[in-house]
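Notes follow the structure.
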2 protein chains.
Amino acid sequence: MARPTTPSGRTGRPRRTSREQILTAARRLIDADGWEKLTIRRLAAELGVGAPTLYHHVRDKDDLLLQLLNEHTSRIERPPLPADPGARIMVAATTMHDVLAAWPWAAEVLTSDGFVGLLDEPSLWMVEAIVSGAIDSGATPEQAVDVFRGIWCFTVGEVLVRAHTDRQRAAVDRYLDLTGFDPGSLPTLAAIAEHWPGLAARDIYPDGLRALIDGLLAPPGAAGDS
Amino acid sequence: MARPTTPSGRTGRPRRTSREQILTAARRLIDADGWEKLTIRRLAAELGVGAPTLYHHVRDKDDLLLQLLNEHTSRIERPPLPADPGARIMVAATTMHDVLAAWPWAAEVLTSDGFVGLLDEPSLWMVEAIVSGAIDSGATPEQAVDVFRGIWCFTVGEVLVRAHTDRQRAAVDRYLDLTGFDPGSLPTLAAIAEHWPGLAARDIYPDGLRALIDGLLAPPGAAGDS
DNA sequence: ACCTGAACACCGTTCAAGT
DNA sequence: ACCTGAACACCGTTCAAGT
């Protein structure tokens, strides 16, 4: 009746594949070939096990991506947060942006799989910093949540758009001659067409972020028309 | 040597499958089962032809999606554009947003497949309206393109985030107890946790858009600190 | 308890062959 | 010119069977 035991106190056949090995191998595959190429079958092959084995460690592929994402965000170093509420929001949002921009697949997972609710504690400090910064600036809870959600949408959108624009610039050239705008119906685009590629390479995140924060925190009615 | 001809003047075997039929059937499948379920094979089955047949009418699946998207945007009715530049930007951007929000898969195609460069003329009037509105407000070409790109990122992000939040609210509940924030490390989130679902249901697009426009068009240095 | 091979129900795409 | 069946090289996931 002596059951086989492992150092960790579990019973049964000792595991050959750990959660840690799986996540490490998955990161390796993503970094090498891009996140579209991460499949259960390739990951299993990389680990030298059969594909069904992985289902003992993850519920399904979405669960794997979520674990990967949480592991990734738990690694990021937490910058010092300024006391000034506006600056605090900028720092937290920029950190959020940089994390996603460095690993754009994370943004795809986050939009294709749900929302911030899927993240665990180690990454929620960024949400906390933004919401508390808004409230310390005099915002109501309603406004504070609006500020966070506005920043979140802008951040996710910027990361996704830029990631794909970079990757598929060749495809764009194939479809559209940027100098081919009809000056009759599209006069402004025709006039600036040749400069567009250069202009579109500029980083718009900081200015857009500042505009959103200023505009969403301003007392209602105080905008623009002074 | 008499070659078979069709009414359209082409030669060879008369086609049984038209571009129009393909796009109509594709729309039907998307509306019925969602855009994730649109596959070449299902579409061919819906049309009663073999899957390889479709490759005579589309280059590949991306090309099919692009044709679908261009057909969709060519249908939208063009609202009257106000003379006031700021109002013109609002109207064009809101139209862009509403089109995407009504058919969120379009936003996914646009981010997963490239950029505005993939669209053809019938949808470029929205880009023209935004860029010209910015220039008429006194912006430089650089600023005008920044305004458009900022609006574009915000719009795409909002549509994608909202589409998935709606669809997967159940999944979120499964993972995260919204009332479970640690008041020690996340005091603000813990305080507003129970109100979050209600607050997050608000439509942030109009306010965010206004904030972006005002902030990006403001002369540099004039922001916030008055 | 963990791992396996085989199978199920799919994909997008290519290609030689038919009409 | 258009359409076909068969095939290629994949997917995620399940399940009975082994150790």
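In what follows, chains are A, B, ... by sequence order, proteins preceding strands, each numbered from 1.
Separating the C1' atom of C:dC3 from that of D:dA16 is a span of 13 Å, rounded to the nearest Å.
In this structure, of D:dC2, D:dA6, D:dT13, it is D:dT13 that holds the atom nearest to the side chain of A:Lys61. The side chain of B:Tyr55 lies closest to C:dT14 when the candidates are D:dC3, D:dT4, C:dT14. The side chain of A:Asp60 approaches D:dT13 more closely than any other nucleotide in the set D:dC11, D:dT13, D:dG5. Across D:dC2, C:dC11, D:dG12, the shortest atom-to-atom separation from the side chain of A:Ile40 is found for D:dG12. Among the nucleotides C:dT13, C:dC3, D:dG5, the one closest to any side-chain atom of A:His57 is C:dC3.
Residues A:Val145 and B:Ala200 come closest through the heavy atom pair CG1-N, 4.4 Å.
Between the side chains of A:Tyr205 and A:Thr155, at least one donor N or O sits under 3.5 Å from an acceptor N or O. Using a 3.5 Å distance cut-off with no hydrogens or angles, the side chains of B:Thr95 and B:Arg78 do not pair a donor with an acceptor.
Spacing between atom CD of A:Glu36 and atom C1' of C:dG12 amounts to 16 Å, rounded to whole angstrom units. We find that CG of B:Leu47 is positioned 16 Å from P of D:dC2, with the value rounded to whole Å. Atom CZ in A:Arg19 sits about 19 Å away from atom C1' in C:dA1, given to the nearest Å. Atom C1' of nucleotide D:dC11 and atom CG of A:Leu43 are separated by 14 Å, given to the nearest angstrom. Distance CZ (B:Arg59) to C1' (C:dG12): 15 Å, rounded to an integer number of Å. For the pair B:Leu29 CG and C:dC11 C1', the computed distance is 15 Å after rounding to whole Å. If you take NZ of B:Lys37 and P of D:dC11, they are 21 Å apart, rounded to a whole angstrom. Taking atom CZ on A:Arg41 and atom C1' on C:dG5, their separation rounds to 11 Å, with Å as the unit.
Remark: C:dA9 base-pairs with no nucleotide; criterion is Watson-Crick or G-U wobble with both hydrogen-bond distances under 3.5 Å. Checking D:dT4 for Watson-Crick or G-U wobble geometry (two distances, each under 3.5 Å) identifies C:dA16 as its partner.
Mapped onto DNA chain D by nearest heavy atom, A:Pro52 and A:Arg42 fall at different nucleotides, with A:Arg42 at the one closer to the 5' end.
Ion pairing between a basic and an acidic side chain is recognised when a charged N comes within 4.0 Å of a carboxylate O; B:Glu71 and B:Arg27 show such pairing. Salt bridge annotation for B:Arg202-A:Glu142: absent, with no cationic side-chain nitrogen under 4.0 angstrom from a carboxylate oxygen.
OP1 or OP2 of D:dC2 has not a single side-chain nitrogen or oxygen of B:Thr53 nearer than 4.0 Å.
Contact annotation for A:Thr39: backbone-only contact, meaning every heavy-atom pair under 4.0 Å involves sugar-phosphate atoms and none involves a base.
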